[in-house]
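Here is the structure we will look at.
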Protein chains: 2
Amino acid sequence: MLKDILDNNENYQPGLSIDCVILGFHDNQLKVLLIKVERANKWSLPGGFIPVDQDIDTAAITVLNSRTGVDGVFLRQFATFGKVNRNNQHFDKKTLEYLQIEEEKGKWLTRRFVTIGYYALVDFSKILPNPAGKLELVEWIDHKEVPELILDHREILDKALDTLRIELNLMPIGYNLLPEKFTIPELQKLYETILDKKLDRRNFLRKITNIGILTKLDEKKSNVAHKAPNLYSFDKDKYEEVLKNGLNQGW
Amino acid sequence: MLKDILDNNENYQPGLSIDCVILGFHDNQLKVLLIKVERANKWSLPGGFIPVDQDIDTAAITVLNSRTGVDGVFLRQFATFGKVNRNNQHFDKKTLEYLQIEEEKGKWLTRRFVTIGYYALVDFSKILPNPAGKLELVEWIDHKEVPELILDHREILDKALDTLRIELNLMPIGYNLLPEKFTIPELQKLYETILDKKLDRRNFLRKITNIGILTKLDEKKSNVAHKAPNLYSFDKDKYEEVLKNGLNQGW
DNA sequence: CATTAATGTGTTATTATGACGCAATGTACT
DNA sequence: AGTACATTGCGTCATAATAACACATTAATG
């Protein structure tokens, strides 16, 4: 696939790439979708190059889909990374030899790449990791247990999480991250996981319900230890409305 | 200058540029630093290309300085723009002929450019617009009276202002935008201009002073009509502290 | 010296927040 | 069956933040 791109490098934006931070929520844990790069024996964010005939927002969808099979998610640009040395150890001579890439064509790869970061919150259960190449492994990794990543992907991931934490104060989240029916404690765990701090149960309930995006269902969660919590769903219309207008006015 | 870049295009990141939104405050109005492009007879944001040996954040400073002479400002990346057609009418054949650029070299320019947007808030009085080339005109333009801009620069400017409006709810601003001594009504005008809405004088005073970043001076503004307002200055230490920790916790 | 258009200070009602208490529920254990 | 236990649901209270507004103060102006 990389060779395809090199053979047709006129069709791709030079010196530019896209990397995606895909976040899901499962077992009360925040998960990140990562790809195992066999040759480097490291993990990486799903990323790739930008076709010259696609808007970068479109290219982000293309890239994500081609690497993981994931489709139909809303990707949000959050930052662009371009330190001088960010990829000068990535496609070195050894690697190019290993990949059987001629030195001349390799130049397209060895120069500094600037990468545009996109992130998405997705429904864990609906995403079936599905690698493009057979040498690649796509997996959900607990965000607390993310191993060493290639390049500056750790920095990109951290920046995405920082952005998400700020978003949390401006927008409601959860619609894409939780199943259709969920409990308040589950939603609270999501918030606590992202913010990395404990919240008061009772105050959380009051605040989250006051936003007016939740519908209390006449149904309780079954097969749980202790008292069965009530099930809720998002009121899509109100949710969208709050997304548009934001949460805290501030001024 | 453009020819210099083309003759040494190996030294610049291909297909990538930086554009800067420089905002100042004067006469109770928000001003934008713009460059008049004579050949296009349009105005543009100060922008340019990225040296391959510079981090993009550094390149932003370089670019701004080379176009306007402005130095020593804190530039903040806010978004990256990459629609397919964003610059396909900019360096067309006619323009390349006008600039006496050979068709082969021109290819470096005619492809789609992705641009990284940076913005800064600066002290209007300390910035003396100082064009790099004699064919260029650098000027402060009232943000309400910005004329037609080249490419998607209007979109970039709008996005910068949107970002600033959000920042306003998370961070204190004004340190770079106002002179050392200023009045509360002046600060309020700044907020009102950015937010494009009226605020209540008395509530504004209470809220802004509660943040704890202002020092009330034992001095009044002179030569003003009506009652002379008190002068204030920012408490730099506390200001920096709030910048670090943010304003509204939210959760 | 009254007029005018600002600024400075204070009040009040309402709402949001943080820190809790306590009863209800369903599982697990004896 | 009965009790302990962890967790949920609902409520209280003091405090802080917010929005809307009233009134006195100040300085230039004619």
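The analysis underlying the following values was restricted to heavy atoms, covering all of them including side chains, and did not include hydrogens, waters or symmetry mates. The chains referred to below are lettered A, B, ... by the order of the sequence lines, with proteins before strands, and numbering in each begins at 1.
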For the pair made of [atom1] in [X] and [atom2] in [N], what is the distance, rounded to whole Å?
X	N	atom1	atom2	answer
B/Leu247	D/dT18	CG	P	10 Å
B/Asn169	D/dT18	CG	C1'	14 Å
A/Leu187	D/dT8	CG	C1'	15 Å
B/Asp200	D/dC21	CG	P	9 Å
A/Asn203	D/dT12	CG	P	15 Å
A/Leu205	D/dC10	CG	C1'	9 Å
B/Ile208	D/dA17	CD1	P	14 Å
B/Lys221	D/dA28	NZ	C1'	16 Å

Per nearest nucleotide of DNA chain C, the residue lying toward the 5' end, B/Trp251 or B/Ala228, is B/Ala228
For the side chain of A/Arg201, starting at C-beta, report the closest nucleotide among D/dG9, D/dT7, D/dC21. D/dG9
Cation-pi check, A/Lys207 onto B/Trp251 ring (under 6.0 Å, within 45° of axis): yes
Mind checking which nucleotides bracket the chain A contacts on DNA chain C, 5' to 3', with an atom under 4.0 Å from a heavy atom? C/dT17 to C/dT27
Rounded at 0.5 Å granularity, tell me how far CD in B/Gln77 sits from CD1 in B/Ile56. 5.0 Å
Pick the nucleotide of DNA chain D nearest each of B/Lys207 and A/Lys227; which residue has the one closer to the 5' end? A/Lys227
Taking the nucleotide of DNA chain D with the nearest heavy atom to each, does A/Arg206 or A/Asn230 sit closer to the 5' end? A/Asn230
State plainly whether the residues B/Asp142 and B/Lys31 are in salt-bridge range, i.e. N to O under 4.0 Å. yes
Looking at B/Arg202 and B/Asp200, is there a salt bridge between them, counting it only when a charged N and a carboxylate O are closer than 4.0 Å? yes
B/Phe182 and B/Phe234 aromatic ring geometry - parallel, tilted or perpendicular at 30°/60° bounds: tilted
Regarding A/Asn210, tell me which of base, sugar-phosphate or nothing describes its non-hydrogen contacts under 4.0 Å with the strands shown. nothing
Would you indicate what B/Lys216 reaches in the nucleic acid, counting non-hydrogen atoms under 4.0 angstrom: base, sugar-phosphate, or nothing? sugar-phosphate
Indicate yes or no: at least one non-hydrogen side-chain atom of B/Val146 is less than 4.5 angstrom from one of B/Leu157. yes
Check: A/Thr193/A/Gln29 side-chain N/O donor and acceptor closer than 3.5 Å: no
Ignoring hydrogens and angles, are the base of D/dA19 and the side chain of B/Arg202 linked by a donor-acceptor pair under 3.5 Å? no
